[in-house]
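Worksheet: one structure, shown below.
Every value quoted in this text rests on a predicted model; they were computed, and no experiment measured them. Just so we're on the same page: letters track the sequence lines, and every chain starts at 1.
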Number of protein chains: 2
Amino acid sequence: MPNATIRDVAREAQVSVASVSRALNGHERVRPELRARVQAVAARLGYVPHAGARSLSLARTSVIGVVLPDLHGEFYSELLRGMDREGAAHKLALLLTVLQDGRGLNTLAALRGQVDGLVVMAPQLGAAELRAQLPAGLPAVFLNCVPELTGAALRVDNAAGAAAMVDHLVAGGACAIAHVAGPVGNVDAEERRYGAIVAAERAGVALTVIEGDFTEASGVAAGAQVARGAVRADALFAGNDAMAIGALVALKRHGIAVPAQVRVAGFDDIPLARLVTPALTTMQVDIAALGARAVQLLARRITAPAEGLVQVGPAEAEAIVPRLVVRDTTTETDRERQS
Amino acid sequence: MPNATIRDVAREAQVSVASVSRALNGHERVRPELRARVQAVAARLGYVPHAGARSLSLARTSVIGVVLPDLHGEFYSELLRGMDREGAAHKLALLLTVLQDGRGLNTLAALRGQVDGLVVMAPQLGAAELRAQLPAGLPAVFLNCVPELTGAALRVDNAAGAAAMVDHLVAGGACAIAHVAGPVGNVDAEERRYGAIVAAERAGVALTVIEGDFTEASGVAAGAQVARGAVRADALFAGNDAMAIGALVALKRHGIAVPAQVRVAGFDDIPLARLVTPALTTMQVDIAALGARAVQLLARRITAPAEGLVQVGPAEAEAIVPRLVVRDTTTETDRERQS
DNA sequence: ATGTTACGTGTAAACGGTTACATCAACGAC
DNA sequence: GTCGTTGATGTAACCGTTTACACGTAACAT
């Protein structure tokens with residue numbers, strides 16, 4: 001038999017199961033000597049409490065579900081990194097679920113019996129769809145979802161970020177901006193598009209939207225349009241860094257100087273942004289912190305009923321404003337001139 | 001009460017709990033009509049089986065633990081992506097644990113009661129350390145660990161990959177190779193170093209090792225050494241792409257032409273490798289496939305005892321040979337000449 | 001009619017923890 | 001010497017499932 005149970009420990013230590021439980025869980029009313037004996041036996045037998053049994057008794061699992069859209073790129077590893085860090089602090093493990101196209105619907109419901117709460121990131125799903133699939137009565141925190149959901153919501157203030165970027169471009173002398181937008185239906189993409197349009201209007205500069213889909217390839221296409229003059233612009237602001245980098249490649253290929261002729265900016269500050277030449281100006285989101293904050297909020301919601309203190313009403317929303325990171329694609333630097 | 005139990009369903013459907021269980025779990029001996037009625041009631045009540053109770057009864061959790069080193073970069077999202085895909089196919093959920101410096105020791109033991117098996121990736125840990133911490137008797141698959149562990153091992157054949165790269169460089173005319181090695185103690189790094197040294201000897205070309213630590217910064221330093229002539233080389237082979245890219249930056253900064261004066265190669269084929277200019281020649285590992293394969297192997301080990309068919313001896317090792325991807329840093333292309 | 005078989009369904013015993021409650025010993029107060 | 005009181009420990013019920021076994025019924029062979 002591979003796994004020792006609490007009864008094995010009890011027998012071996014010549015005490016009752018109750019005492020073993022108390023001794024190992026740090027209860028008060030246990031003689032220190034007995035506690036030591038129990039701990040010694042437990043260690044010797046390699047006893048580890050059965051998580052299932054425990055969750056049955058305690059009515060909690062100490063596991064939180066993390067629901068993410070199709071994982072790609074370093075964004076998710078950063079997010080998970082932050083979540084894991086915070087989860088460890090609360091003694092919560094992370095159960096990962098990827099919401100791929102077809103599946104995930106039932107998968108999501110099945111999570112109910114398995115976790116104490118959920119962190120859900122699903123920019124491509126509508127509120128109705130999401131609500132329909134989500135287990136009711138399970139604490140949840142939403143990341144960058146459509147805002148009308150009950151439950152705590154945590155979002156990146158995409159509109160504000162996009163506006164800040166447009167302002168930066170305008171301040172640098174841009175008169176005509178091309179915005180390479182992300183896919184329709186993606187909340188992030190739409191908020192950025194909206195923020196850019198509003199800011200451009202307010203600043204009185206022209207803004208043309210080129211449709212993209214967050215892939216580098218669509219950025220290349222957009223860059224080519226600007227290079228060929230199909231879209232007249234002296235600044236190109238892409239809805240994410242991947243597209244901005246694609247645009248950079250296209251512009252370079254067409255012999256357009258960046259930033260001298262066209263300034264380029266992205267969004268997200270992926271590690272790569274720093275490394276391309278010229279280095280990409282972008283909006284930075286501290287993704288790990290975002291993940292950590294989500295878990296923190298969730299942890300609070302999970303323990304709240306017990307403490308009876310924290311308000312867990314439906315209206316707990318928070319926005320993280322991204323930070324402008326100015327690099328070489330919007331300012332002429334020494335390195336740029338020399339190359 | 002938020003959650004319906006099997007008894008609620010039984011009462012509501014006017015049958016016994018046993019029938020409910022059988023009806024919902026697709027047992028044979030259930031009248032179709034009764035099955036339908038039970039399913040209807042279960043759906044109406046939003047019944048979801050309690051995972052803990054189930055795991056108690058069945059003695060399995062349908063969860064596998066994934067233990068990874070401190071997450072950084074797209075490598076991990078790709079790996080998780082592959083694991084999740086394969087896990088979903090086997091109806092296994094992924095419980096994520098990051099092995100950070102201090103913690104993880106006890107965390108790892110605590111996993112025992114919680115999962116059916118483990119995928120462990122810990123290039124920085126020795127066999128003894130690892131074995132001491134791992135729950136005994138739990139199926140496990142190791143990714144790029146020191147090879148002497150019991151349990152299935154899956155590794156990237158780093159030595160073969162490094163040798164292939166050296167051969168490629170030599171075939172292209174290199175006479176003196178500088179190898180920027182990764183940190184001492186890291187298995188991947190050491191295997192690559194070893195493979196490079198052996199291949200260079202066999203090919204009869206000089207090879208100088210420059211110590212690095214897998215960071216871009218150490219690549220920059222190494223590139224500078226070659227540029228200044230402190231290390232004489234006409235080809236620079238870095239132990240990973242991050243360092244290769246750092247070296248590229250340094251060489252460019254010193255006005256050294258790549259690949260005309262110095263050829264550069266990396267290892268891993270991170271997405272970024274394709275995007276730098278000139279595009280980086282590197283060894284590609286299909287990371288998602290690696291993750292998927294690991295889960296597949298683990299799933300087999302978990303179900304093996306039940307089937308009594310598959311051999312689960314200690315000696316199940318598999319190596320994935322990376323593929324050489326030739327890009328611009330080792331061959332002069334049109335684009336390179338024009339720039 | 002009766003025995004056999006097959007099948008559908010119910011009863012109850014696990015599974016491994018936690019914990020309310022009972023018990024018991026030791027002690028001090030009267 | 002008796003009676004609380006207190007603190008440490010044991011007993012047993014419960015958490016929600018699964019499933020071996022028991023049971024009742026109907027079809028069929030005898």
Exercise. Does the pair B:Asp8/B:Arg11 count as a salt bridge with the N-to-O cut at 4.0 Å?
Worked result: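 Judged by the 4.0 Å cut-off on N to carboxylate O distance, B:Asp8 and B:Arg11 do form a salt bridge.
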
Write down the distance between [atom1] ([X]) and [atom2] ([N]), rounded to a whole number of angstrom.
{"X": "B:Arg31", "N": "D:dG24", "atom1": "CZ", "atom2": "P", "result": "18 Å"}
{"X": "B:Leu58", "N": "C:dA13", "atom1": "CG", "atom2": "C1'", "result": "15 Å"}
{"X": "A:His50", "N": "D:dT18", "atom1": "NE2", "atom2": "P", "result": "14 Å"}
{"X": "A:Leu34", "N": "D:dG7", "atom1": "CG", "atom2": "P", "result": "17 Å"}
{"X": "B:Gln114", "N": "C:dC15", "atom1": "CD", "atom2": "C1'", "result": "17 Å"}
{"X": "A:Ile6", "N": "D:dA12", "atom1": "CD1", "atom2": "P", "result": "16 Å"}
{"X": "B:Arg60", "N": "D:dT19", "atom1": "CZ", "atom2": "C1'", "result": "14 Å"}

Classify the side chain of [X] and the base of [N] as holding, or not holding, a donor-acceptor pair under 3.5 Å.
{"X": "A:Ser21", "N": "C:dT18", "result": "no"}
{"X": "B:Arg35", "N": "C:dG8", "result": "no"}
{"X": "A:Thr5", "N": "C:dG16", "result": "no"}

Exercise. Would you say the side-chain atoms of A:Ser55 pair up with the backbone N or O of A:Gly52, donor to acceptor, closer than 3.5 Å?
Worked result: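 Yes: the side chain of A:Ser55 pairs with the backbone of A:Gly52.
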
For this session: Hey, which sits more toward the 5' end of DNA chain D by its nearest nucleotide, A:Gln14 or A:Arg7?
Result: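 Here A:Gln14 is the residue nearer the 5' end.
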
Exercise. From B:Arg35 CZ over to B:Leu24 CG, what is the distance, rounded to the nearest 0.5 angstrom?
Worked result: 8.5 Å

Under 4.0 Å: is that the gap between some side-chain N or O of [X] and OP1 or OP2 of [N]?
{"X": "A:Ser57", "N": "C:dG17", "value": "no"}
{"X": "A:Tyr47", "N": "C:dG17", "value": "yes"}
{"X": "B:Arg54", "N": "D:dG16", "value": "no"}
{"X": "B:Arg22", "N": "D:dT19", "value": "no"}

So what does [X] hit on the nucleic acid, given a heavy-atom distance under 4.0 Å: a base, only sugar-phosphate, or nothing?
{"X": "A:Val17", "result": "base"}
{"X": "B:Ser19", "result": "sugar-phosphate"}
{"X": "B:Val48", "result": "sugar-phosphate"}

Exercise. Nearest nucleotide by nearest heavy atom, which residue falls closer to the 5' end of DNA chain C, B:Pro32 or B:Ala53?
Worked result: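 Counting from the 5' end, the first nearest nucleotide belongs to B:Pro32.
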
Exercise. What residue among A:Asp116, A:Val115, A:Ile302 forms side-chain contact (heavy atoms from CB on, under 4.5 Å) with A:Arg60?
Worked result: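 Per the side-chain contact (heavy atoms from CB on, under 4.5 Å) rule, the option paired with A:Arg60 is A:Asp116, out of A:Asp116, A:Val115, A:Ile302.
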
Exercise. Below 4.5 Å, heavy atoms only, C-beta onward: do A:Thr61 and B:His50 meet side chain to side chain?
Worked result: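 Answer no - side chains too far apart.
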
Problem set entry | Beyond-backbone contact of A:Glu78 with A:Asp286, side-chain heavy atoms, under 4.5 angstrom | no

Problem set entry | Nucleotide nearest A:Leu56 when distance is taken to its side chain, options C:dT11, C:dG16, D:dT18 |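 It is C:dG16.
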
Seminar exercise, completed: Side-chain contact check for A:His27: nearest option of D:dT19, D:dT17, C:dT19 is C:dT19

